[in-house]
Amino acid sequence: MHRVRFAPSPTGYLHIGSARTFIFNWLYARHNGGTMILRIDDTDVERNTQASLDSIFEGLKWLELDWDGEVYRQSERGELHAASARQIFEAGHAYRDFTPARVESEDAADSGHGGWLFNPGMRELSREESDRRASAGEPFVLRFLVPRETRESVAFTDLVYGPQTKATADIEDFALLRSSGMPTYHMASCADDADLKITQIIRGQDHLTNTFKHQLIFEALGVEPPQFAHLPLLIAPDGAKLSKRKHGPVVSVTTYRDAGFLPHAFVNFVCLLGWSPKDDRERMTRRELLDIFSLEGVNRSNATINFSETEPFDPKAVWLNAETIRNLPVDELSAELLPFADASFGWIPGSGPEPQRLVPEDKIRRLVPLVAPLIRERIKLLGDIRDAADFFFLPTVHPDPLELIPQKGDAAMAALVLQEAEVALAEATFTHDGLDAALRASAEKLKIKAGQMFQPIRVAVCGRKNAPPLFETLEVLGKDICLERIAAARKLL
RNA sequence: GUCCCCAUCGUCUAGUCGGCCUAGGACAUCGCCCUUUCACGGCGGUAACGAGGGUUCGAAUCCCUCUGGGGACGCCA
C-alpha cells in the first residue's frame, strides 16, 4: 500500500519546485495505485495567507492534477501535534529549554555560531525543576534530546540517494514546540505523517539533512518511519536554489499559464528535470508518464532551469509547448486559444477600468477555429496569437509601403501587382484552389514570378511580410476585406 | 565555520555487472535542402566525461585526494 502526500505551506504562490514535487508524488501514487493526500502545512500563522492558498489550488487545478479527496490542514490538528510532543517528552526524548529566544541576527548561521548543538544547562535540568519553572509560567521551547551519548549515528536508506548516515554528534537539539506552544515544522510534519500513515515521503533534497531528525522523531514516537525519496533541487541560471524572492514571477506556475503554456507541456517539461525514462523519450503523454514513472529514474544532481531577462522560459519548455500545440486537434487548440484571442483583440487597449469592446465576441469565436490551423505551426505559446494573427481580428492593418515592393522589383511593379490583384480577386472563387489558379494566372499575365505576385498582396492584407500561407489567409479573411485592404495599400504607393 | 549531497556537450540527460563509448539522444546554436514570405519538416555540423593520483590487461564507469557547485545548520517550512 502506498500513501504519499503533498504538503505545501501557504506562504507564497505555487512555484515550479513545489509543482514538481506534487507531480512526482502524483506520478508515484498513480503508478503504484496508491493514494495521494494533500496537506496544508500552515503552522506558521505569521506568514500564511489566503491568497497563497488560493494560488496553490489554482495552480494545481490548471495542471489538471488531482488528489484523493483527503485534504488536511495542520492548523486544525494541533491536538495531535501537542499529544505527540507530550508523548516524546514523557518518554524522556525531549526536554524544556528555558533559554530566551535568540534575537534575529542576520548571519546567525555562519557568524561563529557554527556547531551549535544545544543551550548550556538545559539538558541537565531535573524533571522537578523543569516542571516547577514551567508551571510558574516561564516560557520554554521543547527540544528533542538527541541521544549523542547512547548512539553513534542515525541511518536510513533514501529511495533516490541510497544509504545515508549522520553522526548524532552533528545533529543539534532541534525544537519540537515553540514557546507559543505551536509545533514546529518537524513536530507537526512527523506527527501528521505518522497519523496519516504516509508510506513514502517524496520531497525536495533540501530536506535530506532534516530526515535524520525526522527519523529520530518517528522512533521516539514508536512508529515505523516511512520511506524517503529526495528529489534533486531545481536551480536558477545564477546557480542558486530557485526562489520566489530572488527570481521573481518566472518561478510561479501561474506565469507559465498566463503566457500560454498548455498544462501538459508544463508537466512534461518539469518531469524531465531530474528524472529520465532512460530510453531517450522526451515527449510523453500523461498516460505514458504514469506508466513508466519510477523513482529509479530520478537523478541525484540538481537541475538548472534556464531563463533570462529576454527569455523568461526555458527553451526546452517552450519547444515542448510548441510540439504540444502542433499535435493538438484543431477544436481543442481553438478552445485553448479563445481566451488569449479575446484578451488580445477583443478590447480597446487602455480603455480604463471598464474596457470597451473593439472586436465583437462572436466574431472572435467564429474566427479562432479558422485561424488556428493557420498559426499552429507558427506559435510556441498560446499568447503568441497576439503577434501571429492580429490581422485576422483587427479592423485595419498598417503596411509599410517599402515592404509592398516585391523581391527584385520596384514600386511600379508593386502598384501593377496590386492593381491586377484587385481585378483578379474580384472575380476569383475564395477557396485555396480558386485563389491559387487566379493569382498564378495573374503572375503569368504580368510576366513576373509567383513570389513577386504574392508578396505585395500578403503585405497589403496582413500588414507585414511574415504571415501564414497566402491563399488560406485570403480565404479566411474573405473577399471584401481583402479588396478593401488592397485598395488601401495602393494608395500608399 | 560544521555537517550532508552532487559532479558527462551552453542546458536537460543516456551511459545496468569496468571493455560493444573514436561517449548516444533532446533543446539551443550554425549550415544545407524543401518553399510564395514566415514557420513546419528533412539532412548535416560545432559542442562534454572538473583535476590529480591509484586499482586493472582495460575506467566516463571502482577507490582516494583536491577543486567546483548546491543544500542544511531558526521558537521558517
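Naming convention: chains lettered A, B, ... in sequence-line order (proteins, then strands); numbering from 1 in each chain. Quantities reported herein were computed from a predicted structural model and do not represent experimental measurements.
- Remark: the A:S179 side chain and the B:C75 base include a donor-acceptor N/O pair separated by less than 3.5 Å.
- Counting only heavy atoms from C-beta on, A:T184 has its side chain closest to B:C75 among B:U2, B:A72, B:C75.
- Closest approach to the A:Q205 side chain among B:C75, B:G71, B:U36 is made by B:G71 (side chain taken as heavy atoms from C-beta onward).
- Partners of A:T324 according to the side chain to side chain contact (heavy atoms under 4.5 Å, CB included) rule, which considers only residues two or more places apart in sequence or in another chain, are A:L262, A:A265.
- Among residue pairs with one or both ends in residues 429-454 of chain A, those qualifying as ring-ring contact (aromatic ring centres under 6.0 Å, His included) are A:H432-A:F471, A:F454-A:F471; sequence neighbours excluded.
- Checking B:U11, B:C6, B:C73 against every side-chain atom of A:K213, the shortest atom distance belongs to B:C73.
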Detail all sub-3.5 Å separations between protein N/O atoms and N/O atoms belonging to nucleotides 38-40 of chain B.
residue	atom	partner	partner atom	Å
B:C38	O4'	A:N466	OD1	3.3
B:C38	O2	A:R378	NH1	2.7
B:C38	N3	A:R378	NH1	2.5
B:A39	O2'	A:E377	O	2.0

Pull out every protein N or O sitting under 3.5 Å from an N or O of nucleotides 30-35 of chain B, one pair per line with the distance.
none

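- Of the candidates B:C12, B:U36, B:C5, B:U36 carries the atom nearest the A:F471 side chain, counting heavy atoms from C-beta on.
- Nucleotide B:G71 holds its P atom 12 Å from the CG atom of A:L234, rounded to whole Å.
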For nucleotides 22-26 of chain B, tabulate all protein N/O to nucleotide N/O atom pairs closer than 3.5 Å, reporting atom names and distance.
residue	atom	partner	partner atom	Å
B:G24	N2	A:D280	OD1	3.2
B:G25	N2	A:E282	OE2	3.4
B:A26	O4'	A:E282	OE1	3.2
B:A26	O2'	A:E282	OE1	2.3
B:A26	N3	A:K316	NZ	2.8

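- The side chain to side chain contact (heavy atoms under 4.5 Å, CB included) test applied to A:P469 returns A:R378, A:E472, not counting sequence neighbours.
- For A:D206, whose side chain is taken as the heavy atoms from C-beta onward, the closest listed nucleotide among B:U11, B:A72, B:C76 is B:A72.
- With distances taken from any side-chain atom of A:K278 to the nucleotides B:C3, B:C6, B:G15, the minimum falls on B:G15.
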